[in-house]
Amino acid sequence: MAFSYFPHTEDDIKSMLERIGVESLEDLYSDVPQDVIYRKEYDLPDAMSEHQVRQYFDFLASQNQKMTCLCGLGAYDHYSPSVIPYITSRAEFLTAYTPYQPEVSQGTLRYIFEYQSMIAELTGMDCVNASMYDGATAAAEAVMMSVACTKKKTRVLLSEGLLPQVMMVVETYARFNGIELGYIPCADGATSYGALLAELAVGDVAGVLVPGINKFGVIEDLTGFADAAHAQKGLLMVYSDPSSLAVIKTPGEWGADIVCGDGQSLGVPLCFGGPYVGFLACLKDHVRKLPGRIVGATRDVDGKRAYVLTLQAREQHIRREKATSNICSNQSLMALYVTVYMSLMGPEGLRRVNELSYGGAHYLHDRLVATGLFEKAFDKPFLKEFTLKSVLPAAILQEILCSEGIFAGVEVEEGLVNFCVTEKHSKEELDRVVDIILSFVASNASSVISSEHSESGNPSTKEE
């Protein structure tokens, strides 16, 4: 055979080639320009033993710099109970391939059902789909769903308080789906209700997407948002951090129609950019437009509880042009992960996580302000992340903290930096952050002041 690990014999290959009307495997690539075909030997390393392979990858892993993360903006360093990987490795979860064959996929269907139930309880919604890639694509799906639900309307309003990565992904999908976007500015760190009313008055608004907690860490007051959107026959969509919903008002209580976000804050560890798990929930009135699949519970012929796919309105099952979406997919292993996390933590555990995060965040906030190097950016409530005005340029602040193994101080807007504290961070760690900054300033006071004056355009400093 031509390839050692292909199961087809030469006769099998010949038969298939004859069936499709070509003479050789190379003919399958006849439309590929010859000058782009690589004809040299691949530069592959020599074979290694298992022990050598392990050593090699351990060496590669050692090149990663592990840091204490005190940043938020959609990725949160919450504690992940050590038992989760063992539960997710159980055979009924690990070996089920897809949920399309219920008789052999009861483990997968069960945890998806539990996942849906828990996310529905957290968000205050009726229905939840079986997870998505990440929060940003879930937001894009929510926007397209609002247009599908309101039929002829093609305009969607976005709060400028949304996370930047969410905004960019939504803008990309909107551009290629004929959706016009309008923007609601922030006033004093929160989405402007007055600006919302002005944009709604323009008309043709299918939906409004606002954050529950915005990019500044501010907990949004969404009073009146749902009524305003509904008065114009539009839908209210809320982008939420599900962990925070254990202690703050749920989107359902605000009158939201659709809720989206990322489940990473439910115990999924940070790992150099992933994995993430998007969620999308809605009221039952809109369930027929909800992309993806929904798992339901029923009884089998013997009267035992069983799980089945209740709704699967996606492109694999119906004509593409009739599908609710052609981009939806899921991170089912991560859905299992957050389901186990929520089961282990329970309502009391989730509340405790938020209490500890709240206490640590406010402690660090007050200590940083007390240094005189930071100022409050907004006088608004926050939970675990916050934004401050910094005397130090964001690049310098990040550099001095990174040199000490701390990732913090991401610039949200010019002069405004983000910090986030979770239950993993001790008082000693937070004190160390402040000490590092103060020590740097004490050693570099003149250059820091000079830099500050130069950036503000002080002419006397420039003359000096």
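Residues take their numbers from the sequence shown, with the count starting at 1. If you're wondering where the values come from, they're calculated on a predicted model, not measured in any experiment. Scope of the values below: all heavy atoms of this structure, side chains included, with no hydrogens, waters or symmetry mates.
- Environment of CG in Asp46: sparse, with no more than 12 heavy atoms of neighbouring residues, nucleotides or ligands closer than 6.0 Å.
- Counting heavy atoms of neighbouring residues, nucleotides and ligands inside a 6.0 Å radius, atom CG of Asp43 does not exceed 12 of them.
- Considering every non-hydrogen atom in both Pro291 and Met145, the closest pair reads CD-SD, 4.1 Å.
- Across all their heavy atoms, Tyr337 and Ser80 have their closest contact at OH-OG, 2.5 Å.
- Between Asp58 and Arg54, none of the side-chain N atoms (NZ, or NE/NH1/NH2) sits under 4.0 Å from a carboxylate O, so this pair counts as no salt bridge.
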Checking side chain to side chain donor-acceptor pair (under 3.5 Å) for the pair Thr223/Asp221: CA distance, chi angles, key distance, verdict? CA-CA 6 Å; Thr223 302; Asp221 181 354; 2.6 Å; yes

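- A cation-pi arrangement is found for Lys384 relative to Tyr76, the charged atom lying closer than 6.0 Å to the ring centre and inside a 45° cone about the ring normal.
- Glu429 places a side-chain N or O within donor-acceptor distance of the main-chain N or O of Ser426, the cut-off being under 3.5 Å.
- A 6.0 Å sphere centred on OH of Tyr358 holds no more than 12 heavy atoms belonging to other residues, nucleotides or ligands.
- More than 12 heavy atoms of other residues, nucleotides or ligands lie within 6.0 Å of CD in Gln63, so this atom counts as buried by the packing criterion.
- Atom NZ of Lys380 has more than 12 heavy atoms from other residues, nucleotides or ligands within 6.0 Å.
- Not counting sequence neighbours, the partners of Tyr183 by the side-chain hydrogen bond (donor to acceptor under 3.5 Å, both in side chains) test are Glu171.
- Here salt bridge (charged side-chain N to carboxylate O under 4.0 Å, His left out) pairs that include residues 346-360, with residues two or more places apart or in two chains, are Glu348-Arg351, Arg352-Glu355.
- Scanning both residues, Ser240 and Leu245, for their nearest heavy atoms gives CB-CD1, 4.0 Å.
- By the 30° and 60° cut-offs, the orientation of the rings of Tyr42 relative to Tyr38 is parallel.
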Apply side-chain contact (heavy atoms from CB on, under 4.5 Å) to Phe279 and Val338, showing your working. CA-CA 11 Å; Phe279 69 87; Val338 301; over 6 Å; no

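- Around CD of Glu253, the count of heavy atoms belonging to other residues, nucleotides or ligands within 6.0 Å exceeds 12.
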Given Ile436 and Ser403, is the side-chain contact (heavy atoms from CB on, under 4.5 Å) satisfied, shown in steps? CA-CA 10 Å; Ile436 290 169; Ser403 67; 5.9 Å; no

Should Glu220 and Thr191 be marked as a side chain to side chain donor-acceptor pair (under 3.5 Å) after you check the CA-CA gap, both sets of side-chain angles, and the distance that decides it? CA-CA 7 Å; Glu220 292 267 7; Thr191 305; 2.7 Å; yes

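- A 6.0 Å sphere centred on CD of Glu121 holds no more than 12 heavy atoms belonging to other residues, nucleotides or ligands.
- Annotation for Ala136 and Val170: closest pair O-CG2, 4.5 Å, computed over non-hydrogen atoms.
- Between His78 and Tyr341, the ring center distance fails the sub-6.0 Å criterion.
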The test is side chain to side chain donor-acceptor pair (under 3.5 Å); show your working for Asp12 and Thr9 and say whether it passes. CA-CA 5 Å; Asp12 291 332; Thr9 65; 3.1 Å; yes

Side chain to side chain donor-acceptor pair (under 3.5 Å) assessment of Tyr307 paired with Thr108: CA-CA 9 Å; Tyr307 301 92; Thr108 296; over 6 Å; no

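- Arg110 and Glu92 are not joined by a salt bridge, as no carboxylate oxygen comes within less than 4.0 angstrom of a charged side-chain nitrogen.
- In the model, Asn354 has no side-chain atom that pairs as donor or acceptor with a side-chain atom of Ser357 under 3.5 Å.
- The local environment of CD in Glu103 is crowded, with over 12 non-hydrogen atoms from other residues, nucleotides or ligands closer than 6.0 Å.
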Test side-chain contact (heavy atoms from CB on, under 4.5 Å) applied to Asp77 and Phe407, step by step: CA-CA 11 Å; Asp77 191 20; Phe407 181 45; over 6 Å; no

Apply salt bridge (Lys or Arg N to Asp or Glu O under 4.0 Å) to Lys215 and Glu413, showing your working. CA-CA 10 Å; Lys215 65 182 182 181; Glu413 290 183 358; 3.1 Å; yes

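- The aromatic rings of Phe382 and His365 sit tilted, their planes meeting at an angle between 30° and 60°.
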